[in-house]
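Below is one structure; the comments refer to it alone.
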Amino acid sequence: MTRRYVVIDFETTGNSAAKGDRIIQIGAVVVEAGQITDRYSTFIQPGVPIPPFIEQLTGINDDMVKDAPLFEEVAPKLLQMLEGAYFVAHNVMFDYSFLQGELDRCGYSRLSMPLIDTVELSRLLLLGADGYQLGMLAEYLGLEHENPHQADSDAEVTAMLLIHLLEKLEALPLLTLERLSPFVKKLQSSLENIVSDMISDKSVFLADEETYDFYRKLALKKTAKQNTEEYYDDLESVDASDLEQKLQKHMAHYEIRESQQKMVELVDEALHTNQHLVIEAGTGVGKSLGYLIPGVRFAKEKDRPLVVSTHTVQLQQQLLERDVPLLKKIMPFDFTATLLKGRNHYLCLRKFEHTLQDHHEDNYDTNFTKAQLIIWLTETEQGDVEELSMASGGKLFWNTVKSDANSCLNHRCPWFSRCYYHKQRRAAHESDLVITNHALLFTDLKSDSQLLPSYKEAVLDEAHHIEEVVSDHFGKETDYFTFLKLLDRLSSTESDGMMNTLRELSDLLEVPKYETYLAKWDGLFLDVKNELDDLFKQIKTICVTKAKSSRSSELTKQTLRYTNEDIESALWEPVLEMEERAKQYISDLVKPVKRLLKSFDLFEEHLTVKQKGFLVDIEGLLNDLQDEAAVLHHLLSCPLSQEVYWMEAESKGPRHAVTLYAKPVEIDQILADQFFGKKSSVVLTSATMSVKNKFSYISERLGLLDFGPLNAQLPSPFKYEEQAKLMVPTDIPLINEVDQKTFVAKISTSLYEIAKVTKGRMLVLFTSYEMLKETHSAFKSLMDQEEFVLIAQGVDSGSRARLTKNFQRFDNAILFGTNSFWEGIDIPGDDLSCLVIIRLPFTPPDQPVMAAKSEKLKTEGGNPFYDLSLPQAIIRFKQGFGRLVRSSRDKGAVFVFDRRMIETRYGKSFIQSLPKLPVSIKPVDDLVDELRDWMD
């Protein structure tokens, strides 16, 4: 049966027909049998003026619609087109409700017809897309989109998108369509009959056994077999000139870089002489190839793996998707490479299979995410959540189906041979090159079960993050909601939670004395909840009252550091008593149930896979609850003098919303003993490792001093003298000289003047999110209509990658960022012409870890500012500065709105740590004039 789809797009004067907004343009495209068969478009005379922002967005003005027909004149034509068809639109409820409103106004009956939302369908089927706006999808699929925000062009692109989506849906294997069937019934789009007909058509064909692995009623993508054939020449023959010729052949714009050659030699030397190496490689050196070329060669030569660890997911993907394939083309031997992430990144197929059996009570998000994952299984080889674009509701569901050690059946699991996590681990154990992240590397360091293969050599890229990551991994934290999530999943024996299922299963199998084991559960369960409830309320009260009394400002986030001395005071007595009771209640709650679980060993052969999985899941949750209780006890007893303890609470948040933390004050000894002392050679590299051209700060912080590492500073090949300018205004006040409102007003007007010269294309870096929000708002009020596209972290939703991509899509965009935007974002070319650093990035001295480190330094006779705060700020400043010049073709200015850089003794240390470049120190207006002349 051939269906007719009418794809509609309206341009309107606003968002609501009920409030008097009207249609100004109609675009309609008819799709039948996978082809566009008809088109219709017209302007509409709305009878009301077109608002300026709509004119700017669409390019449609009052003159263009002056002689156009009224909606009531074209309604019959539109209704005739829609008869017996599916109504399709990108965000269908907007266009459909607008049409219904206009029909009501003109005296027509309301429509009743099946709908398809191409946003929903794209989210379901295009799992790797960066975003689901029409323009982004057009770019993703390579569809031509001539006039965005004009109804005829938008309808045409939406029609092509629909054709692609329906073809993709139809191409899914029969088994996948059958598994999807119950879930599509609950979607906004009317897909039920479409999927049903596809199933009927497919059932006469044979399944595609070559592409898919059909197992336990799910279709998985077949993994391509690795070519294990060994071929390589003499390893000694990997010489520089040969590699350079190959790089020029395989890389566009490749330039021979002296610094990269030097890096290859240094890494090779460190690996062969069993030495550690600290190497700062400036932007543009090409450091990933600088360590991969000698590293992979060494791994093959010694027949043992090289581990390469990064901080960011982006760099891991770049190494795997760009650098490794390039390396395979240029090296005279083959090698294997595997990316291994933390276990929670991978889907647990056993858990997912079980969730599919029960879908009647699912809310929209859970239902939709299950449908997404059924389709994703036909595409993914890694089973890695990073491949997915999930809504927040989907992320909640992911937490119930992700892989974790506590609930793994290992060899007893029917999915073991296909398990994504175990497959990646097996591949890693057989690879020459293992790419991972710092978090997993240091989890492995303190883990009982070895996650990574045994290795002696490692390269740590983005190494300036190591101190922070190790501190996190050897630290502890907990909060009320962590306990609540665990308890809610277990629940009482009377509700629908796991304990009720355990009671039913015990009854079914007639497990002896099961009632005795569960007799006290419900009473103790309530005791635990109430005790934790009271405990965290009491902790929050202490946090908010004590933190507020120690600060003059009314911050919403309160931070309170506490010590052994504090917890021995009378104020803490009730907290310690409640924690002791909670710990005892949890122990009394868990022990009998664990004994009951042991009784199921006698019934092993009678248990189904689902039942075995359920029992291991519940045991995992009980273990998690005990572990969390142990963490809470640790955090409230402050047992270690070398740790710093603190709590954080949102003063306006829920009554229990407080988080407790502990972190080691120093990690140098941990790393020296447990990492550097056990490895033959570790290469640490980053674009920002030195302070004033010395490596003593980083070596001391990371415990490397006793090892006498090799050090090298490799300059960037970029010509900063010609490509960049550093500009420091003399007339912007220091933050402590004026109130925040005055400061924000001054920096906003200054940013606006600079933006008019650079035509946007500006990244503004803040150290405070509050100030970012206030500046964004103040800047907006200065603009003439939509003069610039403002994109702000935390104000606009989306990940860092998505915000950066949006910034690059618009010619006149300004991106406001904090924290994560100081590094790791790459915006080469004309998209970025100006970088503004609002304040030098010093860590607040009262931040608990910083305060504890400063105290320790003082007792050892050091200077906390010069030995700690300043070097840390310089490294962060260099990271921020590095956002501007990303290629030899980039050109731009860096403004620093902080006079401390030119007025303090230490300010010149920031300038000395940068590459040599021209520095201008003048009032803002003069700098703007200079910038205009320089950019022309």
Side-chain angles (χ1 to χ4, degrees), residues 5-31 36-83 85 87-111 113 115 117-119 133-135 138 143-162 783-789 810-812:
Y5 304 94
V6 180
V7 181
I8 297 283
D9 190 81
F10 296 137
E11 298 306 331
T12 63
T13 59
N15 290 327
S16 170
K19 291 180 181 171
D21 290 319
R22 297 286 174 259
I23 293 171
I24 56 174
Q25 190 186 21
I26 294 171
V29 177
V30 180
V31 173
I36 292 174
T37 57
D38 197 8
R39 294 175 177 85
Y40 172 67
S41 69
T42 179
F43 288 119
I44 297 289
Q45 165 54 259
V48 294
I50 296 173
F53 78 94
I54 293 290
E55 185 180 329
Q56 188 161 2
L57 181 71
T58 63
I60 301 170
N61 58 38
D62 289 324
D63 286 343
M64 293 163 76
V65 299
K66 182 173 62 179
D67 300 320
L70 298 169
F71 177 78
E72 39 268 51
E73 293 175 56
V74 302
K77 163 82 176 164
L78 203 56
L79 290 169
Q80 188 184 353
M81 280 184 88
L82 288 167
E83 195 173 334
F87 185 102
V88 183
H90 203 66
N91 191 5
V92 74
M93 289 320 294
F94 173 83
D95 297 276
Y96 191 61
S97 60
F98 223 102
L99 178 61
Q100 298 282 32
E102 287 283 52
L103 290 172
D104 275 349
R105 184 179 64 81
C106 300
Y108 287 92
S109 302
R110 290 180 76 80
L111 292 171
M113 60 196 305
L115 311 178
D117 184 2
T118 49
V119 174
Q133 293 167 344
L134 191 58
L143 306 174
E144 203 169 306
H145 195 185
E146 288 175 4
N147 297 303
H149 303 297
Q150 290 235 348
D152 50 355
S153 179
D154 284 354
E156 184 83 12
V157 171
T158 306
M160 290 189 282
L161 172 62
L162 175 72
M783 286 195 318
D784 179 22
Q785 289 178 17
E786 303 293 314
E787 192 177 356
F788 299 106
V789 178
F810 297 100
D811 292 334
N812 58 340

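Bear in mind that the values here come from a model prediction, so they are computed numbers and not experimental data. Worth knowing before you read on, the calculation uses all heavy atoms, side chains too, and leaves out hydrogens, waters and symmetry mates.
I23 has its side chain out of reach of P46: every pair of non-hydrogen atoms, C-beta onward, lies at least 4.5 Å apart.
Residues passing the ring-ring contact (aromatic ring centres under 6.0 Å, His included) test with Y40: none are found, sequence neighbours excluded. Applying the side-chain hydrogen bond (donor to acceptor under 3.5 Å, both in side chains) rule to D154 yields the partners H145; only residues at least two apart in sequence or on another chain are considered. Here F43 pairs with nothing under the ring-ring contact (aromatic ring centres under 6.0 Å, His included) rule; sequence neighbours left out. Shown here are the side-chain hydrogen bond (donor to acceptor under 3.5 Å, both in side chains) partners of T158, two or more places apart in sequence or in another chain: there are none. By the side-chain hydrogen bond (donor to acceptor under 3.5 Å, both in side chains) test, T37 pairs with E32, sequence neighbours left out.
No side-chain donor-acceptor contact under 3.5 Å links Q133 to the backbone of G135. In this structure, Q100 contributes its side chain and L111 its backbone to a donor-acceptor pair below 3.5 Å. Between the side chain of N812 and the backbone N or O of E787 there is at least one donor-acceptor pair closer than 3.5 Å. In this structure a side-chain-to-backbone donor-acceptor pair under 3.5 Å is missing from S153 to Q150.
What you find for V31 and A159 is that their closest heavy atoms are CG2-CB, 3.9 Å.
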Only pairs under 3.5 Å count here: list side-chain donor-acceptor contacts from residues 60-70, not counting sequence neighbours, and write none if there are none.
unit_1 : atom_1 : unit_2 : atom_2 : d
N61    : OD1    : D63    : N      : 3.1
N61    : OD1    : M64    : N      : 3.0
D62    : OD1    : I50    : N      : 2.9

